[in-house]
Amino acid sequence: MLAVRLPKELENQLDFLASKTHRSKSYYVKKALEEFFKNKAEYEFAAEAYREFLESGKKTHSYESVMRENGLEP
């Protein structure tokens, strides 16, 4: 069991959505948390990959330079 205090405006939006869709407020809070944790995990994975890339010292290439080097128009 978890109790959360929400700002009034956010609580009003949640109440409105729940009443219009005939779903519980808990349903939407669970969905929002699921989405948050999924996005957070993806962000952390990407951030770690980027840090590793920066530390590797590998050279980057712009889209435009790759297109030019291959005789294609950017």
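The residues of the chain are indexed from 1 along the displayed sequence. All values below come from the heavy atoms of this structure, side chains included, with hydrogens, waters and symmetry mates left out.
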- Nearest non-hydrogen partners of E73 and M67, listed with the distance: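 So the minimum-distance heavy-atom pair works out to O-CE, 3.2 Å.
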- State, to 0.1 Å, how close A18 and S24 come at their nearest heavy-atom pair, and which atoms those are.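 The pair with the smallest heavy-atom distance is CB-C, 4.2 Å.
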- Query: For the side chain of T21 and the backbone of L17, is there at least one donor-acceptor N/O pair under 3.5 Å apart?
  - Reply: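 Confirmed, T21 side chain pairs with L17 backbone.
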- Starting from F53, walk the hydrophobic network (Ile, Leu, Val, Met, Phe, Trp, Tyr; side-chain heavy atoms closer than 4.5 Å) and list everyone else you reach, by chain and number.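 Result for F53 is Y50, L54.
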Gap separating the [atom1] atom of [X] from the [atom2] atom of [Y], nearest 0.5 angstrom:
{"X": "E69", "Y": "S62", "atom1": "CD", "atom2": "OG", "answer": "8.0 Å"}
{"X": "E11", "Y": "K25", "atom1": "CD", "atom2": "NZ", "answer": "5.5 Å"}
{"X": "K8", "Y": "D15", "atom1": "NZ", "atom2": "CG", "answer": "7.0 Å"}
{"X": "K58", "Y": "E52", "atom1": "NZ", "atom2": "CD", "answer": "9.5 Å"}

Table please: side-chain donor-acceptor pairs of residues 29-45 below 3.5 Å, with sequence neighbours left out.
residue	atom	partner	partner atom	Å
N39	ND2	E35	O	3.4
K40	NZ	E44	OE2	3.0

- Task: Applying salt bridge (charged side-chain N to carboxylate O under 4.0 Å, His left out), name anything that partners R51, two or more places apart in sequence or on another chain.
- Result: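 For R51, the residues satisfying salt bridge (charged side-chain N to carboxylate O under 4.0 Å, His left out) (neighbours in sequence not counted) are E48.
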- Does F16 share a hydrophobic cluster with L10, counting links as ILVMFWY side-chain heavy atoms below 4.5 Å and allowing steps through other members?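 Each belongs to a different hydrophobic cluster.
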- Item | Full working for side-chain contact (heavy atoms from CB on, under 4.5 Å) between L2 and V4 | CA-CA 7 Å; L2 174 68; V4 178; 3.9 Å; yes
